[in-house]
Amino acid sequence: MTYTSDFLKTLDERGFIAQCTDDTALDKALGTDGDGVVTGYIGYDCTAPSLHVGNLISILMLRRLQQAGHRPIVVIGGGTTKVGDPSGKDESRQLLTQEKIDENKKTIRATFERFLTFGEGPTDAIMVDNDDWLSQLNYIEFLRDYGRHFSVNRMMSFDSVKLRLEREQPLSFLEFNYMILQAYDFLELNRRYDCTLQMGGSDQWGNIVNGIDLTRRTDQKSAYGLTTNLLTTASGAKMGKTAQGAVWLNQDLLSVYDYWQFWRNTEDADIGRFLKLFTELPLAEIARLEALEGAELNEAKKILATQATAMCHGLEAAQKAEATALETFEGGGTSDDLPSVDMDAALLEDGLGLLQAFVLAGLASSNGEARRLVQGGGAKVNDTPQKDIAAHLTKDDVVAGAIKLSAGKKRHVLLRTR
């Protein structure tokens, strides 16, 4: 359909929208003829100390909601993390201790401050923890008041459940309860903050619909759901995952330089799509960049990398990462801003094995992987290709206090002596 509200129009033009429970009514509520500010939320469980690039599209939906004059709510799942969401999972999620959940909460909270404006104003974002209400529930009362509104037959039809059952993989009663708790989150947010919109990835569709139904059945109020596709790259790889692991948004887990490099390495076929989703460049400029061909396409990738990195880590850090890449790849230099790993200088006294050095630097996960890297011609020390798997590094390899190790053309680490 053709949207008239700024929010849905922007999401549609930039390729965010997968499904909506009632396009027409939501578009009207969000528009100038609606009831004013619409409050919408997305929940994030605390399963790791950082969110990753796979979460970025939903974070940007909240950002777009606020830019359109509405109020975003970030729900930190301190309560639901204790249960585990089966959506999109092939097996039960490892349950975390309360201490670990609390640690993860703190680091995840900081991420959102880079994307949203928090405060007390009508469109300022707020952050809440669903443990505040879920931990207070009386189980018997909860079952009596809300359990009767959920059909087990319908719950069994949701993809998150069907996937596990079809593969004959266990689905615990604990996980089966997750969708009820998420539905209750929506009801609670509606009561506390007049929240009428839940957003998320397409794997959350069933959970979102449950929340809408519960709100309608118990309080006779209208609510809406909006999802975005779970992104994969043009080659079919899951967004946010690389051979080296997750692309974290927390720079303590992934350097700004490596984050910039992730976007710089975008496949040619994904450039236009990613520019629309992950930058705020005008659509006309994106169309121009998308039309570039050959070597000029690399300039579009650099712009994507710098724009996406600036949004997450700030413009200064993004420009610094770009300058580091320029010096390293095009200038043939060794930049101090490359990711670095400290090591004891004593390791070089008797010689540090080349394979061990690449494992120590995090450029290989094992000696076997490092051996294959050397044998495949992808290992360099101080920009010099290495062919001898039995080679050792010594203090003579230290240049300006560090040894530069390279795995292929794009991954570099400085081993710094101390």
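Because the structure is predicted, anything quoted here is derived from the model rather than measured. Keep in mind that the numbers below use all heavy atoms, side chains included, and drop hydrogens, waters and symmetry copies.
One N or O on the side chain of K301 and one on the backbone of T266 form a donor-acceptor pair closer than 3.5 Å. Remark: side-chain polar atoms of H70 are paired, donor with acceptor, to backbone N or O of L30 under 3.5 angstrom. In this structure a side-chain-to-backbone donor-acceptor pair under 3.5 Å is present from D124 to E120. Judged by distance alone, with hydrogens and angles left aside, the side-chain atoms of S58 form a donor-acceptor pair with the main-chain N or O of N55 at under 3.5 Å. Between the side chain of T107 and the backbone N or O of N104 there is at least one donor-acceptor pair closer than 3.5 Å. Looking at R14, its side chain never comes within 3.5 Å of a backbone N or O of L277 through a donor-acceptor pair. Under a 3.5 Å cut-off, the side chain of E369 and the backbone N or O of S365 do form a donor-acceptor pair. When atom types are taken as modelled, the side chain of T227 and the backbone of A18 share no donor-acceptor pair closer than 3.5 angstrom.
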> Does the pair K302 and W260 meet the rule for a side chain to side chain contact (heavy atoms under 4.5 Å, CB included), with working shown?
Replying inline: CA-CA 9 Å; K302 292 177 186 177; W260 189 93; 4.3 Å; yes

> Stepwise, does the side chain to side chain contact (heavy atoms under 4.5 Å, CB included) test hold for M199 with T228?
Replying inline: CA-CA 8 Å; M199 300 179 289; T228 184; over 6 Å; no

>> Run N367 and F358 through side chain to side chain contact (heavy atoms under 4.5 Å, CB included) and show every step you take.
In response: CA-CA 8 Å; N367 282 349; F358 274 84; over 6 Å; no

>> Using side chain to side chain contact (heavy atoms under 4.5 Å, CB included), reason through V209 and W205 one step at a time and then give a plain yes or no.
In response: CA-CA 6 Å; V209 170; W205 179 252; 3.7 Å; yes

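For D219, the side-chain hydrogen bond (donor to acceptor under 3.5 Å, both in side chains) partners are R191, not counting sequence neighbours. Applying the side-chain contact (heavy atoms from CB on, under 4.5 Å) rule to D131 yields the partners K82, D129, S135; only residues at least two apart in sequence or on another chain are considered. Under the salt bridge (charged side-chain N to carboxylate O under 4.0 Å, His left out) criterion, D270 pairs with R273, sequence neighbours left out. Evaluation of the side-chain contact (heavy atoms from CB on, under 4.5 Å) rule for A125 yields Q66, P72, L116, F118 as partners, not counting sequence neighbours. Applying the side-chain contact (heavy atoms from CB on, under 4.5 Å) criterion to T279, with sequence neighbours excluded, gives L275, L281, I286, L304, Q307. Here F186 pairs with Y41 under the ring pair (Phe, Tyr, Trp, His ring centres under 6.0 Å) rule; sequence neighbours left out. Legend: residues meeting side-chain contact (heavy atoms from CB on, under 4.5 Å) with E103, ordered by chain and number and at least two apart, are K100. Taking F7 as the reference, nothing meets the ring pair (Phe, Tyr, Trp, His ring centres under 6.0 Å) condition, with sequence neighbours excluded. Scanning for side-chain hydrogen bond (donor to acceptor under 3.5 Å, both in side chains) contacts around T123 gives an empty result, with sequence neighbours left out. Take F112 and apply the ring pair (Phe, Tyr, Trp, His ring centres under 6.0 Å) test, not counting sequence neighbours, and it matches Y44.
Between F115 and C312, some side-chain heavy-atom pair lies under the 4.5 Å cut-off. When side chains are defined from C-beta on, Y193 counts as touching V128, because their heavy atoms get closer than 4.5 Å. Between Y3 and L26 there is no side-chain heavy-atom pair separated by less than 4.5 Å. By the 4.5 Å heavy-atom criterion applied to side chains, D22 and T24 are counted as neighbours. With contacts defined as side-chain heavy-atom distances shorter than 4.5 Å, the pair S222/T196 does not qualify. Counting only heavy atoms from C-beta outward, the side chains of K105 and T81 never approach each other to under 4.5 Å. By the 4.5 Å heavy-atom criterion applied to side chains, I76 and N130 are not counted as neighbours. The shortest distance between side-chain heavy atoms of L8 and L226 falls below 4.5 Å.
Between atom CG of residue L60 and atom CE of residue M311 there is a gap of 5.5 Å, rounded to the nearest 0.5 Å. If you take CD1 on I17 and NZ on K9, they are separated by 12.5 Å, rounding to the nearest 0.5 Å. Atom CZ of F16 sits about 9.0 Å away from atom OG1 of T10, to the nearest 0.5 Å. Taking NZ from K221 and CG from N190, the interatomic distance works out to 4.5 Å, rounded to the nearest 0.5 Å. Atom CG of L254 is separated from atom OH of Y259 by 9.0 Å, given to the nearest 0.5 angstrom. Of the inter-residue distances, the one linking L360 atom CG with L415 atom CG reads 5.5 Å to the nearest 0.5 angstrom.
Closest approach of Q386 to V374, counting heavy atoms only: O-CG1, 3.5 Å. When every heavy atom of L393 is checked against every heavy atom of A357, the shortest pair comes out as CD1-CB, 3.6 Å. The two atoms that bring I271 and A300 nearest to each other are CG2-CB, 4.0 Å, heavy atoms only.
Taking the six-membered ring where tryptophan is involved, the planes of F274 and W263 are perpendicular, since the angle between them exceeds 60° and thus also 30°.
Sorted by first then second residue, the salt bridge (charged side-chain N to carboxylate O under 4.0 Å, His left out) pairs that include residues 23-32, not counting sequence neighbours, number zero. Screening residues 51-71 for salt bridge (charged side-chain N to carboxylate O under 4.0 Å, His left out) gives R63-E280 as the qualifying pairs, with residues at least two apart or on separate chains.
For Q136 and D132, the side-chain atoms include no donor-acceptor pair closer than 3.5 Å. One side chain, T80 or D45, offers a donor N or O that lies under 3.5 Å from an acceptor on the other. There is no side-chain donor-acceptor pair under 3.5 Å between Q204 and Q198.
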